[in-house]
Amino acid sequence: MYKVIAVPVDLAHVDRLTKALETAADLAKAYGATLYYVGATTETPSSVAHTPKEFKGKLEQFAAERGTALGIDARARSLVSLDPAVDLDRDLLKTFKEIDADLVVMASHIPGIKEHLISSNAGWIASHAKISVFVVR
Amino acid sequence: MSEPVQPDFTVDSTDYEVGQDNVQILGLDIHNPVFMISAVTIVGFVIFTLMFQEGTAAFFGWLRPWLTSTFDWVFMSAANIFVLFCLFLVISPWGRIRLGGADATPDFSYAGWFAMLFAAGMGIGLMFFGVLEPVYHFQNPPLGVNPEDVEAARAMGMAATIFHWGLHPWAIYAVVALSLAFFTFNNGLPLTIRSAFYPLLGDRVWGWPGHIIDTLAVFATLFGLATSLGFGAEQASAGLEYLFGIPATDVTKVALIIAITAVALISVVAGLEAGVKRLSEINMVLALALLLFVIIAGPTIALLTGFFANAGHYAADLLPLSNPFGRDDTAFMHGWTTFYWAWWISWSPFVGMFIARVSRGRTVREFITCVLIIPTLVSILWMTAFGGTAIDQIVNDNYQGVAETVAAYVPELSLFKMLEVLPLTMVSSFLGIVLVIVFFVTSSDSGSLVIDTITAGGKTDAPVAQRVFWATFEGLVAIALLLGGGLASLQGAAIATGFPFAVVLVAMCWCLFKGLRADPQMAR
């Protein structure tokens with residue numbers, strides 16, 4: 001039913017995303033779908049990586065490790081957000097389209113990047129995406 | 001190509017992690033202690049100024065001119081070093097180093113990029129001093145030129161004005177911006193002022209020396225913006241009163257500050273692309289419209305030939321005007337030149353950091369061409385159009401409207417007096433008022449982003465609530481100082497930070513040079 005599943009990851013807080021990551025992996029396995037780990041970074045150095053290139057490498061390594069461990073077709077897709085505090089949701093949506101995802105599995109908040117007063121990322125994505133969105137709480 | 005020098009500092013030589021000193025409280029993500037110290041110092045300064053108005057006014061009223069007169073040679077030599085350093089980098093082999101690494105690509109088109117750096121860097125002063133300053137120097141020419149000799153005075157008036165708005169200010173910005181961009185994008189250090197001093201201070205920049213540098217930068221930026229906003233509201237309301245008879249009361253001024261802050265808030269909440277960049281582009285289109293109007297409605301042919309003539313006058317007088325020693329025209333040098341240099345330097349942490357943020361993917365050569373050369377050409381054109389028209393009105397039409405505003409020293413009315421004798425006065429004056437306000441908004445929104453990033457330890461993804469806080473805070477400080485008095489004192493305080501920064505920026509050049517020499521791109 002699903003061919004490409006996308007799951008946004010924040011490499012700084014992978015430990016807090018366990019539920020979403022496991023859900024996504026199980027679904028990918030069940031439907032034989034490709035699983036994309038989608039990670040957003042800034043152009044400026046962050047706690048995860050000094051450059052977008054380094055970030056891409058880390059995300060690819062993460063995807064490769066998960067893919068081998070879970071026995072699924074896991075890929076990485078990194079995106080650079082110029083102003084993630086504002087643009088992250090829109091940038092994610094654009095990336096889901098680029099990889100032709102037909103299902104998004106995401107935690108209600110991506111911890112760390114935007115866990116504050118304003119609405120949750122998943123809430124916004126669910127109401128704006130044209131594809132199915134699985135919000136993990 | 002020469003062998004690259006073995007780097008004695010690299011990305012890997014520090015294990016500092018961006019955000020490691022940050023604390024997360026109430027859904028915020030702020031640097032400890034820079035955020036708190038900056039906020040508390042600023043509030044403390046405002047309260048102190050309001051309580052001891054006469055004392056602070058006297059102190060800062062003395063401090064700033066004392067600094068810019070006593071240390072005139074420091075300001076002027078530093079600014080000259082920045083110009084030479086930038087010009088050297090353009091022709092040097094390091095010019096080909098790309099910010100963000102060899103395969104980095106720019107995120108913004110030339111137009112969007114240029115609009116942002118120009119809107120943040122020059123802004124409001126162009127509106128008021130574009131008319132007043134050439135006329136002032138035409139009437140009181142420096143370098144011993146006789147004001148009776150109309151042609152020589154006119155040439156010197158334009159050259160002196162362009163001198164203050166040309167290569168020197170942009171070189172100051174370029175040095176700061178290029179250093180921050182280089183150490184952030186090529187060396188992986190956090191986007192904050194202290195990072196530029198890593199080659200000099202090593203890991204100590206993550207401790208108190210760095211906290212002090214960053215706090216000073218926040219202080220200069222916030223007070224620079226808030227006092228400009230306060231004065232800007234006074235100037236804009238004077239314009240509104242003159243044009244539309246709206247009385248320039250405190251209510252009007254506070255309403256203007258609130259309106260400007262509100263638009264800046266909308267802009268920062270909409271983000272870098274949808275807010276700040278779009279507004280800067282609108283700003284540029286409006287400024288271009290006014291510029292074209294003045295060129296067409298003014299003495300068109302004289303202005304077009306004047307552009308080249310004035311560029312020539314500027315080039316001819318650049319060296320004597322830049323010379324800090326043995327000058328007889330100290331009134332000009334201290335009253336204008338070193339004041340301007342201190343002013344540009346005190347703005348440089350803000351403008352430099354903002355330019356750095358949007359410049360990834362440019363080469364050093366491209367960067368300096370676009371941050372130094374092109375803005376200088378634009379300044380020459382702008383000053384030629386606005387100042388040239390005003391001088392022409394005096395010389396050829398014997399119209400004294402602008403001269404009166406110069407004699408009374410009310411720069412905010414000079415522009416409108418100049419527009420008054422051109423056709424379509426109401427339209428062009430209204431456009432002028434709108435531009436004044438938009439120029440404020442584009443400084444205010446980019447300034448809030450910069451302060452937010454510094455006080456978040458270099459994180460550009462800090463929660464939106466923080467930039468909302470700084471933008472609002474700036475408006476509140478402006479209102480408090482406007483109503484309670486103290487705009488002049490704290491503007492003096494902000495400009496006084498130009499002195500320590502002048503020295504610090506020379507060190508920054510050296511750090512940047514050291515960094516560029518060690519860049520791996522030079523190994524290819």
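By convention in this document, chain letters (A, B, ...) are assigned in the order of the sequence lines, proteins followed by strands, and residues within each chain are numbered from 1.
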Quiz item: Relative to chain B, which segment of T51(A) carries a heavy atom at a distance below 4.5 Å: side chain, backbone, both, or neither?
Solution: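 Side chain of T51(A) only, per the 4.5 Å heavy-atom cut-off to chain B.
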Quiz item: Given that the side chain runs from C-beta out, which part of D103(B) has a heavy atom under 4.5 Å from chain A: side chain, backbone, both or neither?
Solution: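 Only the side chain of D103(B) comes within 4.5 Å of chain A.
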Quiz prompt | Segment of A270(B) engaging chain A (4.5 angstrom heavy-atom cut-off) | solution =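 Only the backbone of A270(B) comes within 4.5 Å of chain A.
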Search all heavy atoms of [X] against all heavy atoms of [Y] and return the closest pair with its distance.
X	Y	result
V18(B)	S47(A)	O-CB, 3.3 Å
A462(B)	A85(A)	O-CB, 3.2 Å
P84(A)	T460(B)	CD-O, 4.2 Å

Self-check item: Gap separating the CG atom of L82(A) from the CG atom of D107(B), nearest 0.5 angstrom
Solution: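 Result: 4.5 Å between the selected atoms.
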Exercise. Report the option among V269(B), T184(B), L449(B), L191(B) that has the most heavy-atom pairs separated by less than 4.5 Å from atoms of chain A.
Key: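 When all of V269(B), T184(B), L449(B), L191(B) are compared, T184(B) has the most.
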Quiz item: Quick one: are R467(B) and D83(A) in side-chain contact, heavy atoms under 4.5 Å?
Solution: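 Answer yes - side chains close enough.
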Self-check item: Flag side-chain contact, heavy atom, 4.5 Å: V464(B) against V86(A)
Solution: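 With C-beta onward as the side chain, the pair touches.
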Quiz item: Any donor-acceptor pair under 3.5 Å linking the side chain of R360(B) with the backbone of T44(A)?
Solution: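 Not a single qualifying donor-acceptor pair exists.
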